[in-house]
Every structure is written in C-alpha cells, then in structure tokens.
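No hydrogens, no waters, no symmetry mates; every other heavy atom, side chains included, goes into these values.
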Amino acid sequence: MRTTLLKKLGVLLVTGLLSSAAIAQTIDAKFAVTLPKNSHQGLGVAKFIDLVKEKSDGRIKIRPYYNAALGNDVQVTSALQGGTIEFTVPQTSTLTGMVREFEILDYPFLFANEQEADTILDGAIGQRLLDQLPEKGLVGLAYWENGFFNATNSKHPITKPEDFEGLKFRAVQAKISQETLKALGANPVSLAVPEIYTALETRTIDGQGTPTAVTSSLKLGEVQKYLSLTKHSYGAFLPLASKKFWDKLSEADQQIIKEAAEETRIYQREIARQQAAEAQAALAAQGLEVNEVSDAEMIRFREKMQPVWESFNAEIGPEFAAETFSEIEKLRAPAN
C-alpha cells in the first residue's frame, strides 16, 4: 500500500501535477505579544500573520498570544532563545542587555521626527544592530514603531528644559532614563507601568512620559493636567524570530517571513501614528492642556543631553555613536 502511494506521488511530481510546496510540511508557531490585539503592536502582529499565511498558501500557521499571555518581553525573548516560542516583538530596549549598541536607540532627544527614525532604523545603522542578534539566538525581521514619548504632569506646561526642574517624574529602570531626568533637574522615581496611575493620583509623582497612545490607554488623563509634546525619547518595536526555529526553515520560508515583516512595517507605522494622533485629540477633549515645544527649545534640550550622550557613548562604543549621530546630522543638513 505504502509503495503504491509513493509511486503515485512520484508520478504526480514528475508530471508537474503536484508541486513540492503542496507536500511541504505545515509549520505551526507561537507569537507572544505584550499589548492587546487592538493596539498598534497587536494590529501589526495580526497583519504579519495574515501576510505569512497568504504568502505560504496557508502552510505557515502562526498563533498570536496577546496581553502578555506567555510572559513579559524579557521572559518571552529568553523563551525565543531557548526555542520554546517562535516569535515576539519587544521594544528594542529589551535587547540592550545582550547587544549594548541597541542602547543608542534609547538616547534622549535622538530623533526629531518619525522620518529621521525611519531612515536610520531602515538603513545601515539599523542593519548593523540586527546583524548582532543571531549570535544571541535571535533573528531581527524589521523595525516597527512604538512611538515618541511625551511628557505629562500636574504642575505646568513643559516648553523648555527648565520646566522639568523639581518635578518628581516617573523613570523606567534603565540607567539612561534616570540620568536624563537628572540632567534636566527632575527627580526620577522608578515605577512599573501598573503603578503609574496611583502614583500620579496620590501625587507621589508629578509626571511621567510614555507614547501618547499609552498615556490615553492607561487613563492617565484623569490624573494629569498637561500634555507636552516633548518627543524626548523614541520607541521602536522589533519583531524577532527564534534562531533555533529559523534555522529549521527553508530559505524560501525564511524569505516569506522576512518579506511579511517588512511589508507589515509600513502598515504598522501608519497605525501607530494614527493612534497617537487620535490619543492626543482624546486627551485634549478630556481637558488636558496640550502644548508643542519650539524648534529652538528642542535644540536647547539636545544641548542639555550632551553629557548624557557622552557618558553612554563610552559604553556602547564611541565610533558607533559618532557614526549614528553623523547619519542623523546628514538628514538635517539643508538641501543644496
């Protein structure tokens, strides 16, 4: 019986009636997602999964697990290295412990706008970072967007560096976040995300900085008065594949996954920027006073950050830092 079946398959392959893809093995994979499905991150993952399914004629089946169902970013990234989960999409700051150069993306006031971020991440600098991941058991697929971090507080609008002075401001655990706030004269207070609302409500802290869509989703507008578009930090998401999983794929399937991540990049960034604009409008409607920061004051903010940049340049590599800043300055140079 088995011999007869094999002969029939052989005839079909020779005659072209059955392609090798048709009998290729179905691939099942898990995708760990920190945020909800309707977030910019979650919608990007859903788009990616659909594209992979379409490009593979349904052979590659990826199941998403939203709302950190499989663990936080650090936990699931470790699981990718071990090969027990196939995909995740953390913010790049999660990777600084294994590839120190990723910390350049956490530098305060590094990018002036989304176009600068897109160009640097999608160019040689971004690729140099991705190239260091396989030796850590990970494969970086493309850069997606979390967005610019903007400041909220209960005291006054922030329009210049001096407005940070004396504010008790929420900081993340990363050292660079602490040093940035100190350089601005603020008092950093380390808090996890679930603690922010209560800390603001009880005035344990005066302010915080997250992407505007996150500020809205956490309902921080209920306990804050001012939203200042400081763009003091930029967050990029990085969809990752487990290298143990990746190495088992054919080159054709690797290409399918890579192309799907890159095509999703355009869609996901659009969604992220749309949600940020909608969140800003919603917070303003809720009663928050929204203010821009002038170009001249942005230059002063960057001048304030020079000591912070220089101290971290020594840690990530002065040459790499200089190359990154050089590429950004080229983008800002006036066209001839």
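- One finds the CD1 atom of I205 at 10.5 Å from the CG atom of N153 (value rounded to the nearest 0.5 Å).
- Judged purely by atom type and a 3.5 angstrom limit, T119 uses its side chain to pair as donor or acceptor with the backbone of Q115.
- At least one side-chain heavy atom of L51 sits under 4.5 Å from a side-chain heavy atom of T264.
- Q275 places a side-chain N or O within donor-acceptor distance of the main-chain N or O of H40, the cut-off being under 3.5 Å.
- In the displayed structure, K258 atom NZ is contacted under 6.0 Å by more than 12 heavy atoms of other residues, nucleotides or ligands.
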Apply the test ring pair (Phe, Tyr, Trp, His ring centres under 6.0 Å) to residues F148 and H232: give CA-CA distance (whole Å), side-chain angles for both, the deciding distance (0.1 Å), then the verdict.
-> CA-CA 7 Å; F148 275 106; H232 57 270; 9.4 Å; no
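- Between I196 and Q208, the closest heavy-atom pair is CG2-CG, 4.0 Å.
- By the 4.5 Å heavy-atom criterion applied to side chains, D73 and F237 are not counted as neighbours.
- Heavy atoms of other residues, nucleotides or ligands lying less than 6.0 angstrom from CD of Q306 number more than 12.
- For T202 and T204, the side-chain atoms include at least one donor-acceptor pair closer than 3.5 Å.
- The side chain to side chain donor-acceptor pair (under 3.5 Å) test with T215 singles out one residue from T152, N150, T210, and that residue is T210.
- With S78 contributing its side chain and V74 its backbone, the two residues share no donor-acceptor pair below 3.5 Å.
- Distance CZ/F245 to CD1/I85: 12.5 Å, rounded to 0.5 Å.
- Neither side chain, E251 nor Q255, offers a donor N or O lying under 3.5 Å from an acceptor on the other.
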Derivation of the side-chain contact (heavy atoms from CB on, under 4.5 Å) call for L138 and M98 = CA-CA 11 Å; L138 303 167; M98 60 184 81; 3.6 Å; yes
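- Checking side-chain atoms of S311 against main-chain N and O of V308 turns up a donor-acceptor pair under 3.5 Å.
- Using a 4.0 Å cut-off between charged nitrogen and carboxylate oxygen, E86 and K244 do not count as a salt-bridge pair.
- Between R265 and D122 there is a salt bridge, with a side-chain nitrogen of the basic residue lying less than 4.0 Å from a carboxylate oxygen of the acidic one.
- When side chains are defined from C-beta on, L105 does not count as touching T96, because their heavy atoms never get closer than 4.5 Å.
- Salt-bridge annotation for R300 and E297: present, with a side-chain N of the basic residue lying under 4.0 Å from a carboxylate O of the acidic one.
- Side-chain atoms of R100 never come within 3.5 Å of backbone atoms of G97 as a donor-acceptor pair (strictly under, hydrogens ignored).
- Between F320 atom CZ and L129 atom CG the span is 4.0 Å, to the nearest 0.5 Å.
- Taking the charged nitrogens against the carboxylate oxygens, E222 and K219 have no contact shorter than 4.0 Å, which rules out a salt bridge.
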Stepwise side-chain contact (heavy atoms from CB on, under 4.5 Å) check, V33 with Q41 = CA-CA 8 Å; V33 192; Q41 184 190 60; 3.3 Å; yes
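- Remark: D28 CG is packed, more than 12 non-hydrogen atoms of other residues, nucleotides or ligands lying under 6.0 Å away.
- Considering CH2 of W309 and CZ of R302, their distance stands at 6.5 Å, rounded to 0.5 Å.
- Put simply, the side chain of F48 reaches to within 4.5 Å of the side chain of I257, judged on heavy atoms.
- Side-chain polar atoms of Q274 and E270 form no donor-acceptor pair below 3.5 angstrom.
- Between N187 and K182 the shortest side-chain heavy-atom distance does not fall below 4.5 Å.
- The nearest pair of heavy atoms linking A151 to I158 is CB-CD1, 4.0 Å.
- We find that R269 and D118 are joined by a salt bridge, their nearest charged nitrogen and carboxylate oxygen being less than 4.0 Å apart.
- By the neighbour-count criterion of 12 heavy atoms within 6.0 Å, atom CD of E162 is densely surrounded, having more than that number from other residues, nucleotides or ligands.
- Judged purely by atom type and a 3.5 angstrom limit, T180 uses its side chain to pair as donor or acceptor with the backbone of I176.
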CA sep, side-chain torsions, deciding dist, call: L95, K136, side-chain contact (heavy atoms from CB on, under 4.5 Å) = CA-CA 10 Å; L95 304 172; K136 306 298 182 181; over 6 Å; no
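- No donor-acceptor distance shorter than 3.5 angstrom exists from the side chain of S216 to the backbone of A279, with no hydrogens or angles considered.
- Summarising the geometry, atom OH belonging to Y197 is positioned 8.5 Å from atom CG belonging to L220; distances are rounded to the nearest 0.5 Å.
- The pair R128-E323 counts as a salt bridge, with a side-chain nitrogen and a carboxylate oxygen less than 4.0 angstrom apart.
- For F169 and F164, the ring centers are positioned less than 6.0 Å apart.
- Taking the side chain as every heavy atom from C-beta outward, K30 and I62 never approach each other to under 4.5 Å.
- Ion pairing between a basic and an acidic side chain is recognised when a charged N comes within 4.0 Å of a carboxylate O; E145 and R273 show such pairing.
- At least one donor-acceptor pair closer than 3.5 Å links the side chain of R170 to the backbone N or O of L191.
- Counting only distance, with no hydrogens or angles, the side chain of Q75 and the backbone of N72 share a donor-acceptor pair below 3.5 Å.
- Side-chain contact of N113 with Y234: a donor-acceptor pair under 3.5 Å is absent, judged by distance alone.
- In summary, D253 and R59 engage in a salt bridge, as defined by a charged side-chain N under 4.0 Å from a carboxylate O.
- A donor and an acceptor atom, one from each side chain of S242 and Q81, are nowhere located under 3.5 Å apart.
- Within the 3.5 Å criterion, the main-chain N or O of W246 finds a donor-acceptor partner in the side chain of Q254.
- A side-chain donor from one of T159 and D163 sits under 3.5 Å from a side-chain acceptor of the other.
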side-chain contact (heavy atoms from CB on, under 4.5 Å) between Q280 and L227: does it pass, once the steps are laid out?
-> CA-CA 8 Å; Q280 181 179 321; L227 167 62; 4.2 Å; yes
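- F301 has its side chain within reach of L184: a pair of non-hydrogen atoms, C-beta onward, lies under 4.5 Å apart.
- Atom OH of Y65 sits about 13.5 Å away from atom CZ of F87, to the nearest 0.5 Å.
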